[in-house]
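Read through the structure below, which is laid out as C-alpha cells, and then see the notes.
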Amino acid sequence: MTATHDRTATHDRGTQPRPVTENPAATDLFRSAFRRHAAGVAVITAHGARPAGLTATSLASVAAEPPLLSFGIGTGSSSWPVFADAEHVGVHILDERQRELAATFARRGADRFAPPTRWRRGPYGVPVLEGVQAWLVCRVAARIPAGDHRLVLAEVLTGGAGGVLAGDAEGWDADGSGRPLLYHQGRFTALRD
C-alpha cells in the first residue's frame, strides 16, 4: 500500500481508497472527545422490502433553501441495505420521555417496528413514528462515502409534530416547546434547567 497526500491509501491494484489513521490512538481520542459532546437523538426510518430504522445522533441541518439535512449511517449496520436503496427517509426528533424508543432502534437484532413501537406508513411509504416531537419525510439527495459510514444528504419534503401533518395549526408544535432527548457520556439523558 502507498499513502497519498490526501491521507488515503490505495492498494497497488487501484481499488477504492480507504482512510489511513496516522496515529492509532486517534480513534480512541475521537471517541473520548465525542462522548463529552451532547447530541440530540433522532430515529431515521426507510422502507424497502421491509421497514428499517436506526437511532442517530449525527443528525444536522445543512441548508434552509432548499431545506437539507444530513445524518451518518454505518455500512455494516443491519439497516444499511434498505437505506442504500431508499429514495425517501423519515427523520424523527425524540423527546426526553422516549429513551426506550431510542434504545429499541439502537439495539441489534431487535424487531424495531413491533409493539410497543407505534408507527404508520406515511408519505412516500416511509414509516412514520407516532408521538415524536417532530417528524420529517425527506428525499435522499446523496450518499457520500465517509470512512466506514455514508453521510446521507436529504431534502425535506413534508413533516409534522406528534404525528400531525404540517399545516394543521392545532397540532404543529411551532414553538418547539418539548424537551429533547440527548445522548451524552454513552447514555440517553435530558436537558436540565
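In this text, all values refer to a predicted model and were calculated from it rather than measured experimentally.
A distance-only check finds no donor-acceptor pair linking the side chain of His88 to the backbone of Val126 [under 3.5 Å]. With hydrogens and angles ignored, the 3.5 Å screen pairs no side-chain donor or acceptor of Thr104 with any backbone N or O of Arg112. Side chain of Glu87 to backbone of Tyr124: no donor-acceptor contact under 3.5 angstrom is found. Counting only distance, with no hydrogens or angles, the side chain of His92 and the backbone of Ile44 share no donor-acceptor pair below 3.5 Å. Put simply, the side chain of Arg143 gets close to the backbone of Phe83: a donor and an acceptor are under 3.5 Å apart. At distances below 3.5 Å, at least one donor-acceptor pair connects side-chain atoms of Thr55 with backbone N or O atoms of Ala102. Not one N or O on the side chain of Arg139 forms a donor-acceptor pair closer than 3.5 Å with the backbone of Leu157. Counting only distance, with no hydrogens or angles, the side chain of Thr75 and the backbone of Asp148 share a donor-acceptor pair below 3.5 Å.
Atom CG of Leu182 and atom CZ of Arg99 lie 9.0 Å apart (nearest 0.5 Å). Atom CD1 of Ile93 sits about 12.5 Å away from atom CH2 of Trp135, to the nearest 0.5 Å. Expressed to the nearest 0.5 Å, how far CZ of Phe188 lies from CG of Leu101 amounts to 9.5 Å. Atom OG in Ser79 sits 9.0 Å away from atom CZ in Arg108 (nearest 0.5 Å).
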Arg107 and Glu100: salt bridge (charged side-chain N to carboxylate O under 4.0 Å, His left out), yes or no, with the steps?
CA-CA 10 Å; Arg107 194 173 301 124; Glu100 189 54 41; 3.3 Å; yes
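Taking 4.5 Å as the limit, every side-chain heavy atom of Val43 sits out of range of all side-chain heavy atoms of Trp119.
Scanning both residues, Ala190 and Glu96, for their nearest heavy atoms gives CB-OE1, 3.2 Å. Taking each heavy atom of Val128 and Gly122 in turn, the nearest pair found is CG2-CA, 3.7 Å. Pairing each heavy atom of His184 with each of Thr189, the nearest pair is CB-CG2, 4.0 Å. Smallest separation of non-hydrogen atoms from Arg36 and Gln185: CG-NE2, 3.7 Å. Heavy-atom minimum distance, Phe113 versus Pro127: CE2-CB, 3.7 Å. What you find for Leu94 and Gln133 is that their closest heavy atoms are O-OE1, 3.7 Å.
In this structure, Phe30 and Phe34 have tilted ring planes: the angle between them lies in the 30° to 60° band.
Hydrophobic clustering keeps Phe71 apart from Val82 (ILVMFWY residues linked when any side-chain heavy atoms are closer than 4.5 Å, directly or through intermediates). Linking Ile, Leu, Val, Met, Phe, Trp and Tyr residues whenever their side-chain heavy atoms come within less than 4.5 Å places Ile73 and Val156 in a single cluster. Leu54 and Val140 fall within the same hydrophobic cluster, defined by Ile, Leu, Val, Met, Phe, Trp and Tyr side-chain heavy atoms under 4.5 Å apart, directly or through other members. Residues Leu136 and Leu153 do not share a hydrophobic cluster, clusters being chains of Ile/Leu/Val/Met/Phe/Trp/Tyr side chains in contact below 4.5 Å. Residues Leu59 and Trp80 fall within the same hydrophobic cluster, defined by Ile, Leu, Val, Met, Phe, Trp and Tyr side chains chained together at heavy-atom separations under 4.5 Å.
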